[in-house]
Trainee: 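Mind having a look at this structure? Questions to follow.
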Amino acid sequence: MASLYERRGRVRGRPGSVTLVPVLTMPGGDITRPVPDLTCYITEGQIVLSADLHALGAYPPVDALESLSRLMRKAAGPGRTRADHLDVAAQTTAALAGARRARELGEFIGAGASGGTDRLYLDFERACRQPLISRAGRSPAC
C-alpha cells in the first residue's frame with residue numbers, strides 16, 4: 001500500500017507535483033480495520049468524518065478528536081503561525097475530550113447528573129461546532 005501512495009509525484013514536463021488524497025469508508029465507521037489502520041501509519045494526517053456529527057447537522061462533520069496531523073507540531077508556532085497556536089490546539093483538544101467524556105457519562109448516568117465542569121465542556125463543544133464547524137465551507141446565505 002505504501003508503494004501505491006508513494007506513486008504520487010512529479011508529472012514529466014510539468015512543474016509541481018500530484019498529491020494523493022485517499023478516501024476510505026469502512027463498514028460501521030470502524031477505523032481500526034486493517035486498511036484504515038495501515039493508511040494511518042503511511043499518511044501524514046487523517047481527517048475523520050463522523051456520522052454522529054452529521055446527524056447533529058454539523059458540516060463538515062469532522063471529528064477533531066479522531067483526526068490528526070503529524071506535521072502540525074513542525075508547521076505551527078512562533079514564526080509560522082500565532083505564537084500560542086500549539087497551546088490553543090492542545091487546550092481545545094483537551095476541552096473537546098472533556099465534552100466527549102461528559103456526554104458519554106451523561107448517557108450512562110443521565111445528563112441531569114452532570115456537574116458544572118461537564119456542562120461547561122459540553123457548552124464549549126456546542127460553541128465550537130456551531131460557528132466554527134457547521135458554517136465552514138458554506139456561504140453566508142446558507
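In this text the structure is predicted, and so the values were computed from the model without any measurement. One is the number of the first residue; the rest follow in order along the sequence.
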Trainee: Report the C-alpha distance between Asp87 and Arg82 in whole Å, list the side-chain angles of each, state the deciding distance to 0.1 Å, and finish with yes or no for salt bridge (charged side-chain N to carboxylate O under 4.0 Å, His left out).
Mentor: CA-CA 10 Å; Asp87 291 336; Arg82 289 174 30 168; over 6 Å; no
Trainee: Can you find a pair of side-chain heavy atoms, one from Leu53 and one from Val62, that are under 4.5 Å apart?
Mentor: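 When only atoms from C-beta onward are counted, Val62 and Leu53 do not touch, as no gap falls below 4.5 Å.
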Trainee: CG of Asp63 to CG of Leu68: how many Å apart, nearest 0.5 Å?
Mentor: 11.0 Å
Trainee: I need the minimum non-hydrogen distance between Tyr121 and Ala99, along with the two atoms involved.
Mentor: O-CB, 3.4 Å
Trainee: Check the hydrophobic clustering (I, L, V, M, F, W, Y; side-chain heavy atoms under 4.5 Å; chains of links allowed) and say if Ile47 and Met72 are grouped together.
Mentor: no
Trainee: For Arg101, is there an ion pair with Asp118 - N to carboxylate O distance below 4.0 angstrom?
Mentor: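 Counted as a salt bridge, because a side-chain N and a carboxylate O are separated by less than 4.0 Å.
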Trainee: How long is the straight-line distance from CD of Gln91 back to CG of Leu86, given to the nearest 0.5 Å?
Mentor: 11.0 Å
Trainee: Could you give me the CA-CA distance, side-chain angles and deciding distance for Leu49 and Glu66, then say whether side-chain contact (heavy atoms from CB on, under 4.5 Å) is met?
Mentor: CA-CA 9 Å; Leu49 303 179; Glu66 297 293 330; over 6 Å; no
Trainee: Keeping to residues at least two apart or across chains, list the side-chain hydrogen bond (donor to acceptor under 3.5 Å, both in side chains) pairs with something in residues 72-81.
Mentor: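 Residue pairs with at least one partner in residues 72-81: Thr81-His85.
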Trainee: Whether Glu125 and Arg100 form a salt bridge (side-chain N of Lys/Arg under 4.0 Å from carboxylate O of Asp/Glu) is what I want to check.
Mentor: no
